[in-house]
4 protein chains.
Amino acid sequence: MNKKREVQSSVKDESLIEKRRAQMIRGAVTLFKQKGFHRTTTREIAKAAGFSIGTLYEYIRTKEDVLYLVCDSIYDEVHARLDSLDIEKGSLDVLVTALEHYYSLIDDMQDEFVVMYQESKSLPKDALQYVLNKELEMVALFERLLAECVDSGELKMTQKEIKLASHHLFVQGQMWAFRRWALRDFTIQEFIKTQTQFLLQGMAGEKISIQGA
Amino acid sequence: MNKKREVQSSVKDESLIEKRRAQMIRGAVTLFKQKGFHRTTTREIAKAAGFSIGTLYEYIRTKEDVLYLVCDSIYDEVHARLDSLDIEKGSLDVLVTALEHYYSLIDDMQDEFVVMYQESKSLPKDALQYVLNKELEMVALFERLLAECVDSGELKMTQKEIKLASHHLFVQGQMWAFRRWALRDFTIQEFIKTQTQFLLQGMAGEKISIQGA
Amino acid sequence: MNKKREVQSSVKDESLIEKRRAQMIRGAVTLFKQKGFHRTTTREIAKAAGFSIGTLYEYIRTKEDVLYLVCDSIYDEVHARLDSLDIEKGSLDVLVTALEHYYSLIDDMQDEFVVMYQESKSLPKDALQYVLNKELEMVALFERLLAECVDSGELKMTQKEIKLASHHLFVQGQMWAFRRWALRDFTIQEFIKTQTQFLLQGMAGEKISIQGA
Amino acid sequence: MNKKREVQSSVKDESLIEKRRAQMIRGAVTLFKQKGFHRTTTREIAKAAGFSIGTLYEYIRTKEDVLYLVCDSIYDEVHARLDSLDIEKGSLDVLVTALEHYYSLIDDMQDEFVVMYQESKSLPKDALQYVLNKELEMVALFERLLAECVDSGELKMTQKEIKLASHHLFVQGQMWAFRRWALRDFTIQEFIKTQTQFLLQGMAGEKISIQGA
DNA sequence: CATGAATGAGAATTCATTCAT
DNA sequence: GATGAATGAATTCTCATTCAT
């Protein structure tokens with residue numbers, strides 16, 4: 001399993017930790033979005049969070065911890081919103097619902113996702129691993145749903161095609177977060193609808209033969 | 001048009017500038033890939049390029065210039081390899097060829113693309129604009145090809161669908177560069193073939209009706 | 001009016017700022033006197049002030065700020081010592097007293113004045129303006145005193161002569177600071193006495209006619 | 001005597017040396033005036049002189065040599081213009097002529113003098129000594145003329161008063177160069193006339209008794 | 001003699017982190 | 001628990017000087 005990395009704090013009161021870290025994350029996301037992780041100083045984070053630099057360091061040990069907390073909190077939210085799907089048996093309907101939930105989630109947490117994808121490379125090794133694993137968990141969710149659609153005969157795909165397609169679905173989510181500037185004339189509903197249609201069509205039906213391929 | 005930003009050099013010999021900058025770019029890409037732009041020092045870049053820090057600064061003015069040169073050189077390569085397609089009238093065959101070229105290009109310059117997409121946000125405003133415009137030029141190529149397929153009746157898509165699809169094609173390229181770690185068991189040929197098939201299928205044929213959409 | 005330029009500090013405690021800056025100024029004057037502003041490094045200033053380079057920069061923003069603080073502190077002292085004269089009505093007696101105060105002041109703060117006059121050109125534009133204005137304020141003090149002596153009939157001078165003479169008085173002060181090396185055999189009292197006599201005589205009485213002028 | 005410091009050159013042709021150094025000095029004065037010695041780079045000097053940095057260093061050994069050459073050339077000019085006075089026996093008339101020459105000289109070479117007085121502190125020890133000695137030579141000229149006026153009974157001054165007065169005369173020259181910004185409404189003729197009158201009056205006649213002195 | 005590319009010591013400034021209050 | 005002053009390692013960039021061509 002993907003064990004949560006503990007971020008050390010010299011404060012004991014758990015609920016206080018939670019509160020302070022929430023403030024911290026909110027401030028940090030805004031700043032990281034604007035200026036990136038490296039150009040943001042710990043002082044700025046503290047200020048945005050509403051407390052002093054000294055206090056900031058009561059709740060974390062390094063600047064990278066802040067980035068980790070941001071990423072971690074995103075996945076907490078992801079789980080909160082997609083867990084209901086985890087138990088359902090896969091079918092095209094469920095898949096469509098999953099995409100709806102996933103893309104809506106990204107739409108709601110656009111800034112957070114952008115920050116996470118842009119800055120996660122600055123995480124310490126173990127934290128990066130944790131985040132990548134979280135990513136794979138999501139991909140795996142799509143993979144399972146697709147596989148079950150194939151099992152039930154709703155889709156016809158090979159193992160490898162399933163794998164690629166699940167990454168494909170995942171990446172479409174990133175696209176909505178990252179290319180918003182180029183997709184200003186789409187609403188999230190339009191985006192979801194068009195993409196879903198497109199993807200389903202790509203996966204379903206007979207293969208078209210391509211010359212030269 | 002998208003005018004090339006001049007990077008000032010205090011050296012006059014143009015061919016020397018080209019040579020030194022090539023050394024510089026090669027070294028920088030390796031380092032940026034490993035540690036990112038911010039964690040790479042100018043001294044390291046100079047060393048990797050094979051000259052002193054003083055010499056480095058004879059050929060650029062700021063560290064950001066190095067990043068810009070990296071991005072710029074990528075697009076020089078892109079143009080060198082995709083320009084032949086620029087003149088062809090769009091058709092499904094041409095589109096398929098374009099994707100082949102594009103994905104192969106990304107495969108060949110994987111490191112460069114990853115660096116560019118991860119670090120371009122650190123470019124100064126005008127340089128970032130230049131790079132984003134280059135990106136849009138590529139998207140526009142796909143857009144034109146798709147539109148011409150629609151004109152010729154090979155594809156059935158609305159304007160908006162074309163737009164989204166062209167971004168889609170573009171983003172698939174990034175996916176190959178970025179998610180190589182997760183797609184180790186695919187060759188670039190497999191990737192190209194599967195993706196192409198998938199995309200064509202997604203765009204062609206009757207729309208499947210989706211419940212709830 | 002000549003508004004004091006604010007020098008930003010990231011430290012909040014005003015009295016601490018004052019204390020640290022005083023340390024800084026003392027150290028800086030010594031160093032600037034010895035080696036000039038440009039040959040003095042910020043590290044040396046910090047060391048001479050008794051704290052680390054990091055701490056230095058908690059109290060200023062740029063090296064030039066240090067120079068400004070030096071100049072500003074000189075004028076604070078000037079005001080503290082000459083303000084009593086500001087209110088008095090001009091007369092020869094008052095003028096003589098003013099010169100006594102002014103020359104004594106320069107004698108006491110010789111190093112500071114030398115540094116200020118030698119290095120002020122390195123100040124940023126606005127700070128330089130501020131310092132020049134302070135200089136003019138002093139010249140204006142002499143101008144007023146002279147003008148009032150003329151009004152009361154104690155002196156006979158034209159407007160222009162007053163102007164030139166006031167600069168003259170001012171420059172004599174600089175002379176004491178700058179040419180001490182050449183005037184080793186004068187005490188400040190002798191200097192004051194001789195100069196005063198000389199100046200008064202130059203200004204009073206009938207004009208001597210000079211051939212050719 | 002004040003022996004001319006040799007500035008080493010790797011070029012043999014004396015007339016070429018003279019020509020190149022003249023170019024160099026002209027360029028340097030302009031630059032030093034604008035930005036000061038320290039903010040001017042050797043590259044800029046070379047460019048302003050009309051040759052390359054390599055060539056610059058064929059005619060000097062260090063940047064400070066340039067400053068020295070500037071100062072030295074000023075004194076060459078001073079000698080060329082004041083030598084005629086060196087032989088004359090002192091009298092009030094001669095003194096007045098000397099001041100005329102001296103102040104006119106400073107007016108003509110204002111930039112050079114300002115640069116010299118502002119930057120000479122950056123000269124290496126021996127060069128500085130040389131320049132200070134040159135200064136003293138000029139003061140000594142005034143001293144001699146005054147002393148001879150006293151001898152002939154035209155003036156009544158003690159030894160010490162003569163010394164101070166000669167510095168005084170010298171410093172008035174600097175004043176014209178340095179405070180031009182504040183004396184915009186004076187012509188050099190007016191300045192010379194007023195100052196001369198003022199000084200003569202200050203030195204001649206009965207001493208006025210000052211209370212408290 | 002002239003050129004200008006190469007060098008690297010050195011300088012200003014920043015900022016994550018600590019710790020005494 | 002909270003604060004914010006202090007620290008100094010690290011970083012970017014400059015520029016006097018050299019030397020091969």
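Numbers restart at 1 for each chain; the letters A, B, ... are given by sequence-line order, proteins then strands.
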Discussion item. Less than 3.5 Å apart, any donor N or O on the side chain of C:Asp72 or C:Tyr130 sitting next to an acceptor on the other?
Written reply: yes
Discussion item. I want to check one thing: is the phosphate of F:dA6, taken as OP1 and OP2, less than 4.0 Å away from some side-chain N or O of C:Tyr59?
Written reply: yes
Fill in: Salt bridge present between C:Lys35 and C:Glu44 (N-O < 4.0 angstrom)
yes
Item to complete: State, yes or no, whether a side-chain contact exists between C:Ser122 and C:His38 at a heavy-atom distance under 4.5 Å.
Response: yes
Discussion item. Of the listed nucleotides (E:dC1, F:dG1, F:dA6), which one gets closest to any side-chain atom of A:Val11?
Written reply: F:dG1
Discussion item. Quick test of your reading of the model: are D:Lys125 and D:Glu64 salt-bridged, counting only N-O distances below 4.0 Å?
Written reply: no
Worksheet item: Charged N to carboxylate O under 4.0 angstrom, C:Lys4 versus C:Asp76?
Response: yes
Response to the item:
Dot-bracket for DNA chain F, 5' to 3', Watson-Crick and G-U pairs with both distances under 3.5 Å, [ ] for crossing pairs, | for partner on another strand, reads .||||||||||||||||||||
Worksheet item: For the pair made of NZ in B:Lys19 and C1' in E:dA6, what is the distance, rounded to whole Å?
Response: 12 Å
Worksheet item: Just one of D:Arg20, D:Lys19, D:Arg21 clears the side-chain hydrogen bond (donor to acceptor under 3.5 Å, both in side chains) bar with D:Gln23, so which one?
Response: D:Arg20
Practice prompt. Could you state the atom-to-atom distance from CZ of A:Phe51 to P of F:dG1 in whole Å?
Written response: 14 Å
Item to complete: Round to a whole Å and report the spacing from NZ of D:Lys47 to P of E:dT3.
Response: 14 Å
Worksheet item: What is the distance, rounded to the nearest whole Å, between atom NZ of B:Lys12 and atom C1' of E:dA6?
Response: 15 Å
Worksheet entry | Side-chain touch D:Val131/D:Tyr75, heavy atoms, less than 4.5 angstrom | yes
Fill in: Gap between atoms CD and C1', on B:Gln23 and E:dA5 respectively (whole Å)
13 Å
Item to complete: Would you classify A:Ser10 as touching base, sugar-phosphate or nothing, given that sugar-phosphate means primed atoms plus P, OP1 and OP2, and contacts are heavy atoms under 4.0 Å?
Response: nothing
Worksheet entry | Quiz item: cation-pi between A:Lys63 and A:Phe37, 6.0 Å / 45° | yes
Fill in: Nucleotide-resolved protein contact map, nucleotides 13-21 of chain F, B/S/- at heavy-atom distance under 4.0 Å
BBSBBB---
Discussion item. Whether the side chain of C:Tyr57 engages the backbone of C:Thr62 through a donor-acceptor N/O pair (distance < 3.5 Å, no angle test) should be reported.
Written reply: no
Worksheet item: Taking atom P of E:dT14 as reference, at what distance in whole Å does atom CD of A:Glu44 sit?
Response: 12 Å
Worksheet item: Between E:dA16 atom P and A:Leu56 atom CG, what is the distance in whole Å?
Response: 10 Å
